[in-house]
Amino acid sequence: MTVQVRSLTRSTRGLKLKNDRTDRHFRDTVANQVRTSLSSLKAANDRRKDLVQFQTGFYEQSLATAKDLPQTAYLLTGTSSRTAAAALLLSRHQIRSFRPDGQVLVDGQRFLPQEILVIPTEQPEFVFLKSMMEPLQDFRENIFYDVSTWHVPSAFDLTMHRCESDLPESWLAAPGLTRNEPDLSLPDFETAAGLVFSPTELAAPSLATALQQASAHLRVATESFFNPGESGLEVWPLGSYVLLKQPNEKRWKNLASQAWRQAKQRGISVAIIASSMTPKGPDMGSGSLLALPTAKPLLLVGQGTRSYSAGALWHHLDTRLKLPATLVDDQRLGNVKLDEFTCVIMPEGSYSSWSEAEIQQLKDYLRSGGTLIAVASAIRRLQQSELLPREEEPEVNASSTSQSEVRPFGNARQDRALESIAGAFLSAKMDATHPLAYGFPDDRVPLFRDHSMRFAKPSNSYGLVASYQSVIAGYVSKRNRQRLQSSAAVWAENVGSGRIICLADNPVFRGYVRSSERFLTNAILLGPVVQIPSSPTEEQASSEGHGHGHNH
């Protein structure tokens, strides 16, 4: 069989594409894919012996390389749901991981079996494993077709340790995907004042949305409090979800049973609140427990949005949260009653078709108390529309940049490519007291970035949630490192009675990045009840403005 391949380098992005370089139909792009597929299959069949031999040699060499290294394993430590998610990903790529049979001491810290993943280096996929584990930042070639790193520890917000000693058999007691069957027996809920759930596991927001879908009245703790437990007083952190008996009394037993079982099945710590009067910290009737409205998100999609971004956000809502969402084409926004939704999510995009009517519609929605969640380039669109203030960008030390360097014309394309951020993980520092930062394991989080836009910190510091600190893995030019240092990563701005929540990066990039997904779920669940206090300077300016010409 003879297969001819005609090179068509680009999609028509529609039914037909015509410009000064091409004139082709969508059927041409389909035919090109078919030809390329058949050609690849034919070549693979013709060279099958060579390919099998090459693959065999590659895996043999990988094993030999791993065996000669002093390092015997990568250890990943973190919360149980994060290590479980990493184990699942590795298993899909035929990479073996294990759990110890008891507590393990690593770098002076003790970890339970569910908090540690042991990944031996001596396995056929060692080369692939190493590429995902090592935080490489320098490469032979710094121009990338796709992202420059898939750093697993950062993707799941885990800490990596290197082991250079022989692995004890007790460390390899069970496969990494092993999970102990939870005890689903129910306690007596009759005399309970409520239930409290830990927010730190990845599945905590999905439990919250499941309860909301069951018409439960759910609250979130904005102050830590103490509750009697089996080992004495247990502290429940900011962001803990609380299901109280009083507002759910008509269906209390059923809701409490459902909540308890689902928490246990998802590996989320849950406890009974015996009394509304807590031994320490705010009581259950305190205003520090915010009632959460049932989440009803609207996600904008369509030609004005970036499909990758919209798709990842939709996947998270649909697959991770199991949360029904309404998808609306950005060109049909004017036909929608926005006040029926608790939040509007704007993926990355240009929104170039919007007129003043759509902008005014969003302004009215915000003034009446709505919540708008904007991702990356969507933030720029809101700034251009003056829905968001355009803060002065952080200054960069001019002497450290190469702007004054004379560069050849022919280098322009490559220079521009070297300044792009194709995909890298950066560390961000968070304000752990901010509601949009609830549920993270600590006050630092890896963020995945695939663009070079930067945003200044908001003038009201109470709105700042997270700012960039340093590069963890992947290629970022020296100039971009300096430009991004301490710039805003996540923040919120008051607009009328509502607020805009800004996410400088897609927190659920391609469904792979899970370290930052809580920013999205907090924005959806907590965003509608978050009020950003005025900064002291704003209050002073306001009082001075109102004080003119009055004697008290």
Side-chain angles (χ1 to χ4, degrees), residues 69-91 93 95-100 102-121 126 128-137 149-165 167-168 170-172 174 176-179 198-204 237 239 267 269 424-430 432 437-449 466 468-474 489 505 507 509 512-519:
L69 291 176
Q71 182 175 330
T72 56
Y74 292 104
L75 309 179
L76 295 180
T77 58
T79 65
S80 59
S81 61
R82 289 169 173 81
T83 59
L88 178 61
L89 174 74
L90 294 173
S91 70
H93 294 283
I95 295 175
R96 294 174 290 114
S97 63
F98 298 89
R99 303 278 187 182
Q103 292 189 21
V104 172
L105 184 67
V106 180
D107 294 340
Q109 186 176 355
R110 290 195 176 276
F111 296 95
L112 297 172
Q114 63 268 28
E115 297 173 334
I116 185 167
L117 203 60
V118 181
I119 311 164
T121 54
F126 168 69
F128 185 33
L129 172 63
K130 183 179 179 182
S131 72
M132 292 193 295
M133 291 294 173
E134 296 296 339
L136 297 178
Q137 298 183 27
T149 183
W150 295 101
H151 194 233
V152 166
S154 293
F156 296 96
D157 198 3
L158 297 168
T159 302
M160 187 189 74
H161 315 262
R162 293 177 176 83
C163 178
E164 294 189 354
S165 59
L167 296 177
S170 60
W171 284 22
L172 310 175
L177 289 175
T178 299
R179 185 171 178 267
S198 169
T200 55
E201 297 298 345
L202 289 175
S269 297
F425 279 103
L426 286 82
S427 174
K429 180 76 164 59
M430 290 184 293
Y438 288 170
F440 287 91
D442 51 52
D443 64 355
R444 292 187 181 275
V445 61
L447 297 178
F448 188 87
R449 168 165 274 255
Y468 300 103
Q469 296 294 301
S470 58
V471 177
I472 300 173
D505 304 302
F509 180 81
Y512 174 76
V513 175
R514 307 207 60 188
S515 56
S516 51
E517 66 183 36
R518 189 57 60 89
F519 286 133

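Not measured: the values here are computed from a predicted model. Here, residue 1 is the first one in the sequence, and each next residue gets the next number.
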List the steps and the verdict of side chain to side chain contact (heavy atoms under 4.5 Å, CB included) for Val152 and Leu89.
CA-CA 9 Å; Val152 166; Leu89 174 74; 4.1 Å; yes

Heavy-atom count around Lys429 NZ within 6.0 Å, excluding the residue itself: above 12?
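Counting neighbours around NZ of Lys429, more than 12 heavy atoms of other residues, nucleotides or ligands fall under 6.0 Å, so yes.
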
Between [X] (side chain) and [Y] (backbone), is there a donor-acceptor pair under 3.5 Å?
X	Y	value
Thr79	Glu201	no
Arg518	Pro199	yes
Asp505	Pro507	no
Thr72	Ser165	yes
Ser81	Leu202	yes
Ser515	Pro446	yes

Can you name the nearest heavy-atom pair linking [X] to [Y], along with the distance?
X	Y	value
Ala86	Leu76	CB-CD1, 4.3 Å
Val104	Trp171	CG1-CZ2, 3.6 Å
Arg179	Gly267	NH2-N, 3.3 Å
Ala473	Pro135	CB-CA, 3.7 Å

Got a second to check how far [X]'s [atom1] is from [Y]'s [atom2], nearest 0.5 Å?
X	Y	atom1	atom2	answer
Gln71	Phe126	CD	CZ	7.0 Å
Leu447	Phe519	CG	CZ	6.0 Å
Ile119	Ser97	CD1	OG	6.0 Å
Tyr74	Leu129	OH	CG	5.5 Å
Leu177	Arg96	CG	CZ	13.0 Å
Arg82	Leu117	CZ	CG	14.5 Å

State, with a plain yes or no, whether a side-chain heavy atom of [X] is found less than 4.5 Å away from one of [Y].
X	Y	value
Val471	Phe425	no
Pro237	Tyr438	no
Met160	Met133	yes
Phe98	Leu167	no
Ile472	Leu426	no
Val106	Ile116	yes

Should Met132 and Leu90 be marked as a side chain to side chain contact (heavy atoms under 4.5 Å, CB included) after you check the CA-CA gap, both sets of side-chain angles, and the distance that decides it?
CA-CA 10 Å; Met132 292 193 295; Leu90 294 173; 3.7 Å; yes

Under the side chain to side chain contact (heavy atoms under 4.5 Å, CB included) test, residues paired with Leu112 that sit two or more places apart
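For Leu112 the side chain to side chain contact (heavy atoms under 4.5 Å, CB included) partners, ignoring immediate neighbours, are Gln103, Gln114, Glu115.
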
Can you list the residues that meet the side chain to side chain contact (heavy atoms under 4.5 Å, CB included) rule with Thr200, with sequence neighbours excluded?
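By the side chain to side chain contact (heavy atoms under 4.5 Å, CB included) rule, Thr200 matches Ser198.
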
Please confirm whether Phe448 and Tyr512 have ring centers closer than 6.0 angstrom.
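Centroid distance Phe448-Tyr512: not below 6.0 Å, so no.
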
Check: His93 ring centroid to Phe128 ring centroid under 6.0 Å
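Centroid separation for His93 and Phe128: below 6.0 Å.
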
Can you tell me which residue pairs pass the salt bridge (Lys or Arg N to Asp or Glu O under 4.0 Å) test with a partner in residues 150-162, sequence neighbours excluded?
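Pairs touching residues 150-162 that pass the test: Glu134-Arg162.
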
If only side-chain N and O atoms count, and only distance matters, is there a donor-acceptor pair under 3.5 Å linking Tyr468 with Arg449?
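Looking only at side-chain atoms, Tyr468 and Arg449 do form a donor-acceptor pair, the distance falling under 3.5 Å.
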
Would you please say whether a donor-acceptor pair under 3.5 Å links the side chains of Arg99 and Thr83?
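Yes, Thr83 and Arg99 have a side-chain donor paired with an acceptor closer than 3.5 Å.
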
